[in-house]
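Worksheet for the structure shown next.
Throughout, residue positions are numbered sequentially from 1 according to the sequence presented.
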Amino acid sequence: MPTATDSSRYAVYFLPDPSSAIWHFGSATLGYDAYTASDVAPPARLAAAEPRLGELTAEPRRYGFHATLWAPTPLAPGTDERALIAAVRAFATARQPFVVPEFEVAIVEDFLALVPAAPCPALDALAADCVRAFARLRAPLGEADRRRRVGAGLTERQTAYLDGWGYPHVLDEFRFHMTLTGALTAADREPLRALLAEAYAAIAAPIPIDAIAVLRQSSRADRFRVVERMILTEPNAA
């Protein structure tokens, strides 16, 4: 099993249960299972309909099928993997699970992702609370990374969030999504969206948001893999 190194990055993601149909759908689409850190063959019908599927999913394959709650980062000086896991475990025990009734395959900027079919404040609150709860564990943003992100065309608000939280797409700039492709040309987006929507329709069901997971990337050349998945266990208030 890979271990943490000085070049490791960590993230807190929502990942569906590894036995669920949605997990198998997303992992097969990307060609990678982050629980087992192994390649997954794409669905035969989808691969036949889009022979470039492996190429079009190469970038998100490095991260695995997920929704970001706390974006990838090196850990702060003086902390380590055990401290992060302890913090995430404690956070999970204070959160109640909930269910999102419906997702859909959508075009998000220039890529495709599964997104809630209707606004879900509980998802937004979960992500915002993760950002705040684990902020002290995030390493300061390097100047080169800051220049790269600002140079990609951030708004003034996103730049302020980058400087304050280490990532631009947080709080009111956050949009829950589970990525299914990398960047696509305008001509590719709708045809591939239709293919993936058809494939997803066969297994579509309400998705329980019942756990969060810590993932580790041992170096920038490696893929992320699951370190631990923590069940949300706060009892319902009486």
Side-chain angles (χ1 to χ4, degrees), residues 1-15 18 23 26-27 30-40 54-92 111 113 127 129-154 158-170 173-174 177-183 211-230:
M1 177 181 295
T3 57
T5 67
D6 290 343
S7 59
S8 294
R9 292 198 303 165
Y10 291 84
V12 177
Y13 291 157
F14 166 72
L15 274 65
W23 176 254
S27 297
L30 295 183
Y32 174 63
D33 185 315
Y35 283 108
T36 61
S38 59
D39 292 335
V40 181
E55 172 189 346
L56 299 176
T57 57
E59 175 61 19
R61 189 177 305 125
R62 297 193 300 130
Y63 299 87
F65 183 58
H66 75 282
T68 298
L69 300 173
W70 189 65
T73 179
L75 296 181
T79 193
D80 58 18
E81 182 177 296
R82 287 178 296 180
L84 174 62
I85 288 176
V88 178
R89 283 176 181 164
F91 179 92
F111 62 94
D129 288 348
C130 282
V131 168
R132 296 184 180 103
F134 311 135
R136 61 184 176 81
L137 302 173
R138 177 182 291 279
L141 186 67
E143 187 55 38
D145 278 343
R146 185 184 186 280
R147 285 198 303 268
R148 175 179 59 83
R149 288 196 175 277
V150 172
L154 298 183
Q158 289 168 345
T159 300
Y161 286 162
L162 178 68
D163 291 336
W165 300 104
Y167 193 65
H169 305 295
V170 298
E173 291 288 332
F174 171 79
H177 62 278
M178 292 185 278
T179 303
L180 293 170
T181 73
I212 58 178
V214 172
L215 288 87
R216 178 181 61 236
Q217 181 190 42
S218 296
S219 76
R220 292 295 181 111
D222 294 321
R223 295 175 183 173
F224 279 83
R225 68 167 299 164
V226 175
V227 177
E228 185 172 333
R229 183 173 185 260
M230 294 82 161

Separation between [atom1] of [X] and [atom2] of [Y], rounded to the nearest 0.5 Å:
X      : Y      : atom1 : atom2 : answer
Leu180 : Leu56  : CG    : CG    : 12.0 Å
Leu154 : Thr159 : CG    : OG1   : 4.5 Å
Leu30  : Glu59  : CG    : CD    : 11.0 Å
Arg138 : Thr73  : CZ    : OG1   : 4.0 Å
Ile212 : Tyr13  : CD1   : OH    : 13.5 Å
Arg89  : Leu84  : CZ    : CG    : 10.5 Å

* To do: Test Phe134 against every option in Phe91, Trp165, Tyr10 by the ring pair (Phe, Tyr, Trp, His ring centres under 6.0 Å) rule and name the one that passes.
  => Phe91
* Asked: So, Asp145 and Arg9, do they make that salt bridge, N to O below 4.0 Å?
  ->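 So Asp145 does not pair with Arg9 through a salt bridge.
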* Determine, for Asp163 against Arg146, whether the closest basic-nitrogen to carboxylate-oxygen distance falls under 4.0 angstrom. => yes
* To do: Applying side-chain contact (heavy atoms from CB on, under 4.5 Å), run through His66 and Val226 and close with a yes or a no.
  => CA-CA 11 Å; His66 75 282; Val226 175; over 6 Å; no
* Could you list the residues that satisfy side-chain contact (heavy atoms from CB on, under 4.5 Å) with Ala213, not counting sequence neighbours? => Leu15, Leu215, Arg229
* To do: Report yes if some heavy atom in the side chain of Gln217 is under 4.5 Å from a heavy atom in the side chain of Pro72; otherwise report no.
  =>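 With C-beta onward as the side chain, the pair stays apart.
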* Asked: Under a 4.5 Å cut-off applied to non-hydrogen side-chain atoms, are Asp33 and Phe65 in contact?
  -> no
What closest approach, in Å, do [X] and [Y] show between heavy atoms, and which atom pair accounts for it?
X      : Y      : answer
Pro60  : Thr179 : CB-CG2, 3.8 Å
Arg136 : Ala76  : O-CB, 3.7 Å
Leu137 : Ala83  : CD1-O, 4.5 Å
Ala71  : Ala11  : C-CB, 4.3 Å
Val214 : Val12  : CG2-CG2, 4.5 Å
Pro168 : Glu173 : O-CB, 3.7 Å

* Asked: Parallel, tilted or perpendicular for His169 and Tyr167, by the 30°/60° rule?
  ->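 Plane angle over 60°, so perpendicular.
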* Aromatic rings Tyr63 and Phe224: how do their planes relate, parallel, tilted or perpendicular, breaks at 30° and 60°? -> parallel
Tell me if a side-chain donor or acceptor on [X] pairs with a main-chain N or O of [Y] at a distance below 3.5 Å.
X      : Y      : value
Ser7   : Ser218 : yes
Arg61  : Gly54  : yes
Asp222 : Ser219 : yes

* **Arg148, CZ atom: more than 12 neighbouring heavy atoms under 6.0 Å** => yes
